[in-house]
Amino acid sequence: MIDEHDREAWLKGGDALCATLPAPPTHIYRLILLGAPGVGKGTQAELLWEKLGACHLSTGDVFRAAKALPKERLSPAMQTALSFMSRGELVQDETVLAMVRERARCLRCRGGFLLDGFPRTVVQAEALESLLKWERCALTAVVNYDLPVDVIVARLSGRRTCPGCKAVYHEKTRPPRTPGVCDACGEKLMQREDDRAESVRVRMSAYQRSTKPLIDFYEQRGLLVTVAAEGSPEEICQRTLAALNAR
Ligand code: AP5
């Protein structure tokens, strides 16, 4: 079966290649999706991938894919990264940057990209700026999703994910057809370890401290587009497309 949303090269890194290349779109979008944990970046990335053809590049997904491997196959740096992640803390910049640099060819992909969860600190944003300059790829825009904290916490506490195909559900707002079972591949749905209340608190404060300053960083570069993340995922997606078209 052809997976139209193939992203092996991103998830595995190294020599891994995507079996299917995206069709060249009429316009290449290279976007960063910014916003607090649980605001809906991953959900929007999937919808925007359908509409714009740009590939969903999530650093969190790379860490979760590594977590599924036997411990002996993980480098010491990755083992440390996963322990930070399970506590809800940010992984050290050098580990994240080494991981992204190893996958730099995904930034040159002819379909474009939707970066989700990266950059997350000013150090990462500056490094990405240099990397994109080196790769001769310019960012189209940085979409900043905005939502009140109480709604975000409700989204995170009800989130369930598929360990197989990575599909994301919500107990109330996006339930699977059969409770606890993935519609797409039939695997048993799980709650993410870092969606426990204690880790969510740590993630929110890491966002306030380290990631929120990126709003000013990209505003100063004339790239920021702020989109209200209220309403259904489809409504938010339409709002995002309208905001991008209005630029
Ligand atoms: P990461 O995987 O990037 O997680 P995150 O940024 O915390 O974001 P989430 O995936 O939690 O939320 P989301 O905004 O994608 O929301 P979603 O669409 O799922 O990172 C995880 C960890 O990895 C970090 O904490 C860190 O440790 C590490 N890490 C990763 N990148 C790093 C980096 N660059 N530097 C350092 N460390 C890094 O939606 C949430 C829920 O809401 C779902 O259930 C969904 O169905 C539901 N929902 C979505 N939209 C709607 C809607 N419109 N209405 C109702 N429900 C909705």
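Counting starts at 1 for both ligands and their atoms, in listed order.
- What sits closest to atom 23 (O) of ligand 1 on the protein, heavy atoms only, is Met85 CG, 3.6 Å.
- Close N/O approach between Thr59 and ligand 1 is found [any backbone or side-chain N/O within under 3.5 Å].
- If you check which protein heavy atom lies closest to atom 45 (C) of ligand 1, you get Thr43 OG1, 3.8 Å.
- Geometrically, Arg120 does not engage Phe118 in a cation-pi contact, judged by NZ or CZ lying under 6.0 Å from the ring centre and within 45° of the ring axis.
- The cluster map of Ile, Leu, Val, Met, Phe, Trp and Tyr, joined by side-chain heavy atoms under 4.5 Å apart, puts Leu114 and Tyr218 in different clusters.
- Taking a cut-off of under 4.0 Å to the non-hydrogen atoms of Gly117, the atoms of ligand 1 that pass are 3 (O), 31 (N), 32 (C), 33 (C), 34 (N).
- Considering each of Glu46, Arg192, Arg203, the one bringing a non-hydrogen atom nearest atom 21 (C) of ligand 1 is Arg192.
- Comparing Gly40, Ser199, Ser83, Gly231 by heavy-atom distance to atom 53 (N) of ligand 1, the nearest is Gly231.
- Annotation: Arg159 places an N or O atom under 3.5 Å from an N or O atom of ligand 1; distance criterion only.
- Cation-pi check for Arg203 over Tyr207 is not met; the charged atom does not lie both under 6.0 angstrom from the ring centroid and within 45 degrees of its normal.
- Remark: minimum distance from atom 6 (O) of ligand 1 to any protein heavy atom is reached at Arg120 NH2, 2.6 Å.
- Looking only at protein heavy atoms, the nearest one to atom 50 (N) of ligand 1 is Arg155 NH1, 3.8 Å.
- For the pair Arg155 (side chain) and Val39 (backbone), a donor-acceptor distance under 3.5 Å is present.
- Any N or O atom pair closer than 3.5 Å counts here, and Phe118 shares no such pair with ligand 1.
- An N or O contact shorter than 3.5 Å is missing between Asp195 and ligand 1 by distance.
- In terms of polar-atom proximity, defined here as any N/O pair under 3.5 Å, Phe84 makes no such contact with ligand 1.
- An N or O contact shorter than 3.5 Å is missing between Arg174 and ligand 1 by distance.
- The N/O atoms of Asp61, backbone and side chain alike, include none that comes under 3.5 Å of an N/O atom in ligand 1.
- In terms of protein heavy-atom proximity, atom 56 (N) of ligand 1 is nearest to Thr173 OG1, 3.0 Å.
- Of the options Arg192, Arg7, Lys166, a salt bridge (charged side-chain N to carboxylate O under 4.0 Å, His left out) to Asp61 is made by Arg7 and by none of the others.
- Applying the salt bridge (Lys or Arg N to Asp or Glu O under 4.0 Å) test to residues at least two apart or on different chains, the pairs with a partner in residues 231-247 are Lys51-Glu234.
- For a threshold of 3.5 Å applied to N or O pairs, the pair formed by Ile236 and ligand 1 contains no separation below that value.
- Note: an N/O pair closer than 3.5 Å links Val91 and ligand 1 by distance alone.
- The protein heavy atom nearest to atom 13 (P) of ligand 1 is Lys41 N, 3.5 Å.
- In terms of protein heavy-atom proximity, atom 15 (O) of ligand 1 is nearest to Gly42 N, 2.8 Å.
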Side chain to side chain contact (heavy atoms under 4.5 Å, CB included) between Thr121 and Phe217, worked out | CA-CA 10 Å; Thr121 63; Phe217 182 94; over 6 Å; no
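- Of the candidates Gly38, Ala154, Gly35, Ser157, it is Gly38 that places a heavy atom closest to atom 12 (O) of ligand 1.
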